[in-house]
Structures are given as C-alpha cells and as structure tokens.
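Below: the structure, in structure tokens.
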Amino acid sequence: QVQLVESGGGLVQTGGSLTLSCAASGSIFRVNTMGWYRGAPGKQRELVATITRGSNTNYADSVKGRFTTSRDNAKNTVYLQMNSLKPEDTAVYYCYAAIITGVATTTRDYWGQGTQVTVSS
C-alpha cells in the first residue's frame with residue numbers, strides 16, 4: 001500500500017508565501033516523477049509543476065518565476081514553494097507521484113488528498 005500525505009496549505013494574503021509538502025510512504029521500490037496539480041472552483045484541474053527523480057523541473061507558465069518544486073529522494077518527499085501568491089492561485093493543490101512498488105512491475109500514479117490554498121485580496 002502506498003499513501004501520499006500533503007501538508008502546508010492555508011490562508012495567506014496576496015504577495016505572501018506558502019510551502020507545500022507531500023510525502024509518499026508504504027511499499028515503495030522507487031519514486032519516479034512527482035508533481036503538483038491544482039483545481040479551482042469551476043475550473044479544470046491544471047498541471048502546476050513536475051520534477052523528475054533527477055530534479056529536472058517543468059512549470060506552468062502561470063507560476064514560472066514564483067513557484068519552485070524540489071524533492072528529497074531519501075524521504076520520498078516533494079515540495080512546492082509558492083511565492084508572490086495571487087488570488088488566482090487559490091485552489092486545492094494535489095501532489096502526485098509515479099511509483100514502482102514491490103508487487104508490480106508497472107509504474108502507477110498515486111495522488112495526495114489535496115490541500116487548500118486560499119489567497120485573499
């Protein structure tokens with residue numbers, strides 16, 4: 001069994017910062033690409049950032065220069081540092097991880113429970 005647990009969401013003012021964490025645990029052989037999606041009310045869920053096991057990153061244009069994702073492979077944890085937050089960043093943020101377990105040869109995607117980020121005007 002694999003579980004991803006997110007933390008770090010909250011309420012901040014415009015221009016503020018938050019750091020989200022997402023830790024994978026369970027029967028893990030290897031964690032490959034990890035990343036973040038977000039879903040705002042009335043909007044389709046969008047990709048925010050990805051990071052490979054070798055820490056190669058990609059970002060949505062809307063967050064480039066403001067958000068930074070990183071990872072600690074020893075802890076199977078991915079982070080999302082969010083700076084200069086805007087009201088349009090308000091959403092539920094979901095982490096994911098592509099994981100190879102000890103009971104399967106196929107890489108599977110696992111998702112965190114989501115954490116609410118609210119940016120007030």
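None of the values given here were measured: they were computed from a predicted structure. Positions are given from 1 along the sequence.
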Gap separating the CG atom of D72 from the OG1 atom of T77, nearest 0.5 angstrom: 6.0 Å

Donor-acceptor under 3.5 Å (R53 side chain, V31 main chain): yes

Residue pairs passing the ring pair (Phe, Tyr, Trp, His ring centres under 6.0 Å) test where at least one lies in residues 19-77, sequence neighbours excluded: Y37-Y96, Y37-W111

pair K75-S21: side-chain heavy atoms closer than 4.5 Å: no

The single option from L4, T107, D109 passing side-chain contact (heavy atoms from CB on, under 4.5 Å) against I99: L4

Approximate separation, where rounding is to 0.5 Å, of R108 CZ and I100 CD1: 11.5 Å

Joint hydrophobic cluster, L85 plus V92, side-chain heavy atoms closer than 4.5 Å: no

Distance (rounded to the nearest 0.5 Å) between Q3 CD and Q113 CD: 8.0 Å

Exercise answer: donor-acceptor pairs, residues 5-15 side-chain atoms, under 3.5 Å, sequence neighbours excluded:
{"from": "E6", "atom 1": "OE2", "to": "C95", "atom 2": "N", "distance (Å)": "2.9"}
{"from": "E6", "atom 1": "OE2", "to": "G114", "atom 2": "N", "distance (Å)": "3.0"}
{"from": "T14", "atom 1": "OG1", "to": "S120", "atom 2": "O", "distance (Å)": "2.7"}

Non-hydrogen side-chain atoms of R66 and D89 separated by less than 4.5 Å: yes

Minimum heavy-atom distance A40-A91, with the two atoms named: N-CB, 3.9 Å

N73 versus R71, side-chain donor and acceptor atoms under 3.5 Å: yes

Straight-line distance of N56 CG to T50 OG1, nearest 0.5 Å: 7.5 Å

Sequence-distant partners of K64, salt bridge (charged side-chain N to carboxylate O under 4.0 Å, His left out), two or more places apart: D61

Inter-residue atom distance Y93.OH - M82.CE, 0.5 Å rounding: 5.5 Å

Side-chain touch T101/Y110, heavy atoms, less than 4.5 angstrom: yes

Main-chain N/O of L80 paired with T69 side-chain donor or acceptor, under 3.5 Å: no

CG-CD1 distance between N58 and I51, expressed to the nearest 0.5 angstrom: 10.0 Å

Shared hydrophobic cluster for L47 and V63 (ILVMFWY, side-chain gaps under 4.5 Å): no

